[in-house]
Amino acid sequence: MSHTVDSAVSAVRTYIEQHRAVFLDDLTEWLRIPSVSAQPEHTPDVRRSADWLAAALRETGFPTAEVWPTPGAPAVFAEWPSDDPEAPTVLVYGHHDVQPAAREDGWDSEPFEPVVRGNRLYARGAADDKGQVFFHTLGVRAHLAATGRTAPAVHLKLLVEGEEESGSPHFRALVEERADRLTADAVIVSDTGMWSEDTPTVCTGMRGLAECEIRLHGPDQDIHSGSFGGAVPNPATAAARLVAALHDEHARVTVPGFYDGIVELTEQERALFAELPFDEQEWLRTAKSHATHGEAGHTTLERIWARPTAEVNGIGGGYQGPGSKTIIPSSATVKLSFRLVAGQDPDHIEKVVRDWAARQVPAGIRQEITFSAATRPCLTPLDHPALQSVVRAMAIAFEKPVLFTREGGSGPAADLQEVLGAPVLFLGISVPSDGWHAPNEKVELDLLLKGVETTAHLWGDLADTWRHAP
């Protein structure tokens, strides 16, 4: 590490240490606001949370900080232009709403009365996602202090959503409506995590999601299985056959066209996944499961991060009560979800699933299939210059090599990628033990400050890298 880099690292760490107490006091104040978007009684609190954040961003130095209304909960937008007109534009995404929480859920303290125990801050939203949004405020100030700048090295924007924990029902429309204000060369998502406290990682992709409900109708009412059984089609049997036909003996999805266009893992990516300290037995314990299962030819991590899936989320029909009721039910229902990887188009998936499902249904069974709004997958190539900036900044903060992961779940990041046409990078410091959505959610304070330090180095690296990228 050069003398210049040593000096910059020292300056950033000194600034962070000097302002740590005030930073944590401010975060604690924000965490006290129960911004639960899913509960109507907390609607005023979600608005109060947005107002609080906008004021905090203005105090940080952002010349623009606005609360953007939606048909649901408000979002917050902030912007701080660089002094360099040629600097890249970076948009940071996060959310200020939180999951429901109550002491009787199993919390050791009041979920909206933050408490520090040891080196951990416990509160709903500490990790998901207020803590990870808020570290950007101290990070940009440390960046300015260490470089002597009066404005960031990049044109810096923030978009902090208010409905992520409710499924982001109005987010895409907001992004489309405000696309001219949100234009960016890269998007940084700080609503994610790392592999572990000892293994800093950067996520490079997130799977998409398509969901449907298939309702099968047979007789116009439940009918006697002795008088009519064996002579008319049974919708519950049709549902079972449909589910059974979804995968082959190698756990591959049998829907024709399902794998069209997917971006396969490279050998480099497979090797990088293999570098992670993955304990499959420990993972099974976390999954409350007793054996692994999935598409042949792929490891567990590859299956949950980089392969598409089809899952039966629910199946039902007919009599479910005690004892017997000898009927042919009039209807049955199957709920399916499909996790999608880069290269898969949700519209194409909907078409091929509809076609496939129609072929599974025998004559005499009427089918209704309904798809929910889909989420697209996103993936950033390992050699993307913006991704490499994130990796370098994190490596300086953590003083360790940075490895790579993907996310098996889905989120609104893909909407930003698709609407804005910008690559999505993931920068998070949360670890699995933080307990997102669970009682006693917490954030590790040392890691939170490593997030601050990472962003303090990121903006200068990103500006320089973008300027010299081919």
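Worth saying up front: this structure is predicted, and the values here are computed from it rather than measured. What you see below is based on every heavy atom in this structure, not just the backbone, and it leaves out hydrogens, waters and symmetry mates.
- Taking a 6.0 Å sphere around CD of Glu59, one finds it holds 12 or fewer heavy atoms contributed by other residues, nucleotides or ligands.
- Ring pair Trp68/Phe77 is parallel by interplanar angle, where below 30° counts as parallel and above 60° as perpendicular.
- The line from OG1 of Thr28 to CG of Leu121 is 5.0 Å long, rounded to the nearest 0.5 Å.
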task = List the steps, then state whether side-chain contact (heavy atoms from CB on, under 4.5 Å) holds for Asp434 with Leu447.
result = CA-CA 11 Å; Asp434 284 344; Leu447 296 185; 5.9 Å; no

ask   = What's the verdict on side chain to side chain donor-acceptor pair (under 3.5 Å) for Asp128 and Ser430, showing C-alpha distance, side-chain angles and the deciding distance?
value = CA-CA 8 Å; Asp128 181 24; Ser430 185; over 6 Å; no

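- No cation-pi contact links Arg141 to Phe23, judged by a cut-off of 6.0 Å to the six-membered ring centre and 45° from its axis.
- What you find for Ile429 and Gln132 is that their closest heavy atoms are N-OE1, 2.8 Å.
- In this view, Thr147 and His143, Arg149 satisfy the side chain to side chain contact (heavy atoms under 4.5 Å, CB included) rule, not counting sequence neighbours.
- Across all their heavy atoms, Val46 and Gly162 have their closest contact at CG1-O, 4.0 Å.
- Here the shortest heavy-atom pairing between Lys130 and Ile33 reads NZ-O, 3.0 Å.
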task = Start with the C-alpha distance between Tyr259 and Val352, add both sets of side-chain angles, then the distance that settles side-chain contact (heavy atoms from CB on, under 4.5 Å), and finish with yes or no.
result = CA-CA 10 Å; Tyr259 293 95; Val352 297; over 6 Å; no

ask   = Does the pair Asp84 and His155 meet the rule for a side chain to side chain donor-acceptor pair (under 3.5 Å), with working shown?
value = CA-CA 8 Å; Asp84 179 0; His155 301 303; over 6 Å; no

message = With side-chain contact (heavy atoms from CB on, under 4.5 Å) as the criterion, how do Phe404 and Glu275 come out once you've worked through the C-alpha distance, each side chain's angles and the decisive distance to 0.1 Å?
response = CA-CA 9 Å; Phe404 296 90; Glu275 288 183 22; over 6 Å; no

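- Using modelled atom types, no side-chain atom of His457 and backbone atom of Arg392 make a donor-acceptor pair closer than 3.5 Å.
- Ring geometry, Trp466 versus His384: the interplanar angle falls from 30° to 60°, so the pair is classed tilted.
- Side-chain contact between Thr137 and Leu57: present, with at least one pair of heavy atoms (C-beta onward) separated by less than 4.5 Å.
- Taking 4.5 Å as the limit, some side-chain heavy atom of Phe258 sits within range of a side-chain heavy atom of Gln344.
- Salt bridge Arg13/Glu399: present, at least one basic N to carboxylate O contact under 4.0 Å.
- Summarising the geometry, atom CG belonging to Leu246 is positioned 5.5 Å from atom OG1 belonging to Thr254; distances are rounded to the nearest 0.5 Å.
- The shortest side-chain heavy-atom distance between Ile214 and Gln367 falls under the 4.5 Å cut-off.
- With Thr333 contributing its side chain and Arg215 its backbone, the two residues share no donor-acceptor pair below 3.5 Å.
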query = How far apart are the C-alpha atoms of Lys157 and Thr64, what are their side-chain angles, what is the distance that settles it, and do they pass the side chain to side chain donor-acceptor pair (under 3.5 Å) test?
reply = CA-CA 9 Å; Lys157 301 179 181 181; Thr64 299; over 6 Å; no

request  = Apply side chain to side chain donor-acceptor pair (under 3.5 Å) to Thr465 and Ser389, showing your working.
outcome  = CA-CA 7 Å; Thr465 297; Ser389 287; 3.3 Å; yes

query = salt bridge (Lys or Arg N to Asp or Glu O under 4.0 Å) between Arg172 and Glu418: does it pass, once the steps are laid out?
reply = CA-CA 10 Å; Arg172 185 182 179 94; Glu418 185 178 1; 3.1 Å; yes

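- No donor-acceptor pair under 3.5 Å is formed between the side chain of Glu29 and the backbone N or O of Asp25.
- At least one donor-acceptor pair closer than 3.5 Å links the side chain of Ser35 to the backbone N or O of His96.
- Counting only distance, with no hydrogens or angles, the side chain of Asp129 and the backbone of Gly94 share no donor-acceptor pair below 3.5 Å.
- For the salt bridge (Lys or Arg N to Asp or Glu O under 4.0 Å) test, residues two or more places apart in sequence or in another chain that qualify with Arg307 are Glu264, Glu295.
- The existence of a salt bridge linking Asp51 and Arg47 is confirmed by a sub-4.0 Å separation between a basic side-chain nitrogen and an acidic carboxylate oxygen.
- Side-chain contact between Phe338 and Pro308 is absent, with no heavy-atom pair separated by less than 4.5 Å.
- Pairing each heavy atom of Pro69 with each of Arg178, the nearest pair is CD-NH2, 4.3 Å.
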task = Just do the side-chain contact (heavy atoms from CB on, under 4.5 Å) check on Gln268 and Leu272 with the steps written out, would you?
result = CA-CA 6 Å; Gln268 180 190 13; Leu272 288 170; 4.1 Å; yes

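- The side-chain heavy atoms of Trp80 and Leu158, taken from C-beta on, include no pair separated by under 4.5 Å.
- Each of Glu441, Glu113, Glu165, Glu110 was scored for a salt bridge (charged side-chain N to carboxylate O under 4.0 Å, His left out) with Arg124, with one residue passing: Glu441.
- Side-chain contact between Arg339 and Leu209: present, with at least one pair of heavy atoms (C-beta onward) separated by less than 4.5 Å.
- Side-chain atoms of Thr455 and Val140, non-hydrogen and from C-beta on, never get closer than 4.5 Å to each other.
- Salt-bridge formation is not detected for the pair Asp355/Arg359: no Lys NZ or Arg NE/NH1/NH2 atom is positioned less than 4.0 Å from an Asp or Glu carboxylate oxygen.
- Closest non-hydrogen pair, Val175 versus Leu182, comes out as CA-CD1, 3.9 Å.
- Considering CD of Glu368 and CD of Glu213, their distance stands at 9.0 Å, rounded to 0.5 Å.
- The residue from Leu382, Val391, Leu425 that alone fulfils the side-chain contact (heavy atoms from CB on, under 4.5 Å) condition with Thr204 is Leu382.
- With sequence neighbours excluded, no residue satisfies ring-ring contact (aromatic ring centres under 6.0 Å, His included) with Trp107.
- The CG atom of Leu53 lies 13.5 Å from the CZ atom of Arg48; values are rounded to the nearest 0.5 Å.
- Pairing each heavy atom of Gly193 with each of Glu407, the nearest pair is N-OE2, 4.3 Å.
- The only option from Pro200, Pro277, Cys203 that meets the side-chain contact (heavy atoms from CB on, under 4.5 Å) definition with Trp195 turns out to be Pro277.
- Side-chain contact between Glu161 and Asp191: absent, with no pair of heavy atoms (C-beta onward) separated by less than 4.5 Å.
- Here Leu27 contributes atom CG and Arg32 contributes atom CZ; the two are 10.5 Å apart, rounded to the nearest 0.5 Å.
- Using a 3.5 Å distance cut-off with no hydrogens or angles, the side chains of Thr199 and Lys400 do not pair a donor with an acceptor.
- Using a 3.5 Å distance cut-off with no hydrogens or angles, the side chains of Ser166 and Glu163 do not pair a donor with an acceptor.
- Thr89 contributes no side-chain N or O that, together with a main-chain N or O of Asp185, makes up a donor-acceptor pair within less than 3.5 Å.
- The distance from the NZ atom of Lys450 to the CG atom of Asp446 is 8.0 Å, given to the nearest 0.5 Å.
- Ring geometry, Trp52 versus Trp30: the interplanar angle falls under 30°, so the pair is classed parallel (tilted spans 30 to 60°).
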